Amino acid sequence: MTEDQWGKLRQRLLKTVGQNNYTTWIEPLVFVGINDEVAVFHVPTNFTGNYVGQNFSDLILYEFKAAGLDVKRLLFKVAAKGTEPRASRKAEPVAAAEHAGKRVMRAQPARGDDAMADLYTAPLDPRFSFDTFVVGKPNELAHAAARRVSEGGPVTFNPLVLYGGVGLGKTHLMHAIAREMRERDPNANILYLSAEQFMYRFVQALREKKMLDFKQMFRSVDVLMVDDVQFIAGKDSTQEEFFHTFNALVDQHKQIIISADRAPGEIKDLEERVQSRLQCGLVVDLHPTDYELRLGILQSKVQQYRGTYPGLQIADGILEFLAARITTNVRVLEGALTRLFAFASLVGREIDMELTTDCLADVLRASERKVTVEEIQRKVSEYYTIRLSDMIGPKRLRSYARPRQVAMYLCKQLTSRSLPEIGRRFGGRDHTTVMHGVRRIEELRESDSQMAEDIENLRRQLDE
């Protein structure tokens, strides 16, 4: 096989495995030759060879066969020092640093942009920075805490724990912190990985009897960032090692930043001592997004898309419609807008309501709230501590009328029921009565902070 043939084969692998996997695992492979139906490759480390052999060997063998070459096995050898430019162009490997698709940032003299390619660091999404993070009431505290930690220097809270549901901005903030820290101090040792990768490295170190290297690597960093820590719950040995690593870093006054999908005390099967350590710092909840925050995120994304789709028009009310209808999480919201812009540019049309509902029909269906009118009525009556029969009944006392209007408003916002249907569920009231109640609550939300808080609290309770 010629170098040109290997180059074409690598391009096919790129299309199959994706850019990240290709850059991390396929690109470092140096094809040496084929000997007795065995394809020989030079690799930078044994770990790389083992990982490629376990995860990509079948795919590579298939591509060899498709190219008409009789190869039945792959052999990976660590290249002798200085024999292969591509294998040796990196800085000397850091002991036990290799892991599944991530790299560890090591303290070395700064050498500009070239240094960044040499450092073992986690790949950071360029979209995730503080500049692109839209701040609203649900994430205000988390954003402020992340900003403070990213500035470096001594802080009064260690660790910083960010928790919340899917698509609320935890990963965005983690990437933003790492990026800001790196820009402020290029020589800092920053290790950013998922809890799953921590576990994988731990198991690998046990298997290869390299626990000393593992401990040395993790306990010599300046900043440890672990994403989705709930994944180590129930893994006793991993939790124990995480516990000791945590203590060692805190004793050295090194910063620890953790993310999870729940508060530490609510993570099932997470050891009590680990929960206690995580709770000794600042634990910040990223709340579900509210309407205003979702609208702000959409407006920010539209400004970013202006460069990619110049001249593309979007009708009034579209962003407000999406912010009201797609409430599951920010990823779904951003994905819907991306699809909408791409579709509109392909068909050469303005983004109006008709195009939006056609293009996003599946997303809008999936995002429809499953809450019922009865659930809303029950929850509102409990919230205002009144009897359900009084709220639905004919009484016009303010103590009953206002909760009734709140319930009507929520029914209009959170269900697909028409105004006449909602009116029938509230003691056979006319649809104009429902309309008046909805408008009244909309007005109060703007002028009365207590009403706005009541509505948001009820929304969260109904989302549970």
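Small disclaimer: the values here were computed from a predicted structure and weren't measured. Along the sequence shown, residues are numbered consecutively beginning with 1.
Judged by distance alone, with hydrogens and angles left aside, the side-chain atoms of Asn158 form a donor-acceptor pair with the main-chain N or O of Lys254 at under 3.5 Å. Under a 3.5 Å cut-off, the side chain of Ser276 and the backbone N or O of Glu272 do not form any donor-acceptor pair. With hydrogens and angles ignored, the 3.5 Å screen pairs a side-chain donor or acceptor of Ser259 with a backbone N or O of Asp228. Side chain of His172 to backbone of Ser129: a donor-acceptor contact under 3.5 angstrom is found. Of the possible donor and acceptor atoms, one in the side chain of Asp222 sits under 3.5 Å from a partner among the backbone N and O of Asn189. No side-chain donor-acceptor contact under 3.5 Å links Asn35 to the backbone of Val38. Counting only distance, with no hydrogens or angles, the side chain of Gln239 and the backbone of Glu271 share a donor-acceptor pair below 3.5 Å. In this structure, the side chain of Lys170 engages the main chain of Gly165 through a donor-acceptor pair within 3.5 Å. A side-chain donor-acceptor contact under 3.5 Å links Thr132 to the backbone of Arg127. Between the Arg339 side chain and the Cys359 main chain, a donor and an acceptor come within less than 3.5 Å of each other.
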Item to complete: Applying side chain to side chain contact (heavy atoms under 4.5 Å, CB included), run through Phe231 and Ser194 and close with a yes or a no.
Response: CA-CA 9 Å; Phe231 284 116; Ser194 69; over 6 Å; no
Worksheet entry | Stepwise side chain to side chain contact (heavy atoms under 4.5 Å, CB included) check, Phe321 with Leu364 | CA-CA 10 Å; Phe321 171 75; Leu364 295 173; 4.0 Å; yes
Worksheet entry | Evaluation steps, side chain to side chain contact (heavy atoms under 4.5 Å, CB included), between Arg325 and Thr356 | CA-CA 12 Å; Arg325 287 293 302 273; Thr356 299; over 6 Å; no
Worksheet entry | From CA spacing to verdict: side chain to side chain donor-acceptor pair (under 3.5 Å), Gln275, Gln279 | CA-CA 6 Å; Gln275 291 181 3; Gln279 291 171 324; 5.4 Å; no
Practice prompt. Carefully, step by step, assess Ile455 and Arg459 under the rule side chain to side chain contact (heavy atoms under 4.5 Å, CB included).
Written response: CA-CA 6 Å; Ile455 294 295; Arg459 277 180 178 271; 4.1 Å; yes
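Taking CG of Leu410 as the reference point, atom OG1 of Thr415 lies at 9.5 Å (rounded to 0.5 Å). For the atom pair CG of Leu295 and CG of Leu333, the computed distance is 9.5 Å after rounding to the nearest 0.5 Å.
Annotation: side chain of Gln5 is not in contact with side chain of Lys8 (no heavy-atom distance under 4.5 Å). A 4.5 Å side-chain heavy-atom check between Asn139 and Leu168 finds every atom pair outside the cut-off. Between Leu29 and Phe31 there is no side-chain heavy-atom pair separated by less than 4.5 Å. Using a 4.5 Å heavy-atom cutoff, the side chains of Val30 and Phe41 are not in contact. By the 4.5 Å heavy-atom criterion applied to side chains, Ile232 and Leu270 are counted as neighbours. Residues Val149 and Phe157 meet the side-chain proximity criterion, which asks for heavy atoms closer than 4.5 Å. For the pair Ile326 and Arg294, the minimum side-chain heavy-atom distance is 4.5 Å or more. Residues Phe218 and Leu249 form no side-chain contact, since every pair of their non-hydrogen atoms from C-beta on lies 4.5 Å or further apart.
In this structure, Phe202 has its ring center at least 6.0 angstrom away from the ring center of Phe242. A ring-centre distance under 6.0 Å is not found for Phe56 and Tyr22.
Closest of all the heavy-atom pairs between Leu312 and Ser345 is CD1-N, 4.3 Å. Between Phe76 and Val43 the shortest heavy-atom distance is CD2-CG1, 3.8 Å. Smallest separation of non-hydrogen atoms from Ala145 and Leu160: CB-CD1, 3.9 Å. Contact between Ser300 and Val134 at its shortest, heavy atoms only, is CB-CG2, 3.8 Å. Here the closest non-hydrogen pair linking Leu278 and Pro159 is O-CG, 3.8 Å. When all heavy atoms of Val161 and Pro264 are compared, the pair lying nearest together is CG1-CG, 4.1 Å.
Other residues, nucleotides and ligands contribute more than 12 heavy atoms inside 6.0 Å of the CD atom of Glu456. Within 6.0 Å of atom CZ in Arg147, more than 12 heavy atoms from other residues, nucleotides or ligands are found, so the atom counts as buried in its surroundings. Atom NZ of Lys412 is surrounded by 12 or fewer heavy atoms from other residues, nucleotides or ligands within 6.0 Å.
Using a 4.0 Å cut-off between charged side-chain N and carboxylate O, Glu180 and Arg184 make a salt bridge. Look at Asp358 and Arg349 and you find no salt bridge, because none of the NZ, NE, NH1 or NH2 atoms lies under 4.0 Å from a carboxylate O. Comment: Arg10 does not engage Glu63 in a salt bridge, judged by the lack of any side-chain N to carboxylate O separation of less than 4.0 angstrom.
Residue pairs meeting the side chain to side chain donor-acceptor pair (under 3.5 Å) criterion with at least one partner in residues 64-79, sequence neighbours excluded, are absent.
Judged by the 6.0 Å distance and 45° axis criteria, Arg277 is not positioned over the aromatic ring of Phe243.
Under the 30°/60° scheme for interplanar angles, the aromatic rings of Phe198 and Phe214 are found to stand perpendicular. Note on ring orientation: taking the six-membered ring where Trp is involved, the planes of His175 and Phe128 are perpendicular (angle over 60°, cut-offs 30° and 60°). Ring-plane geometry between Tyr51 and Trp25 is classed as parallel, the angle between the planes falling under 30 degrees on a 0 to 90 degree scale with a further cut at 60.
Between Arg207 and Gln204, the side chains place a donor N or O and an acceptor N or O closer than 3.5 Å (distance only, hydrogens not considered).
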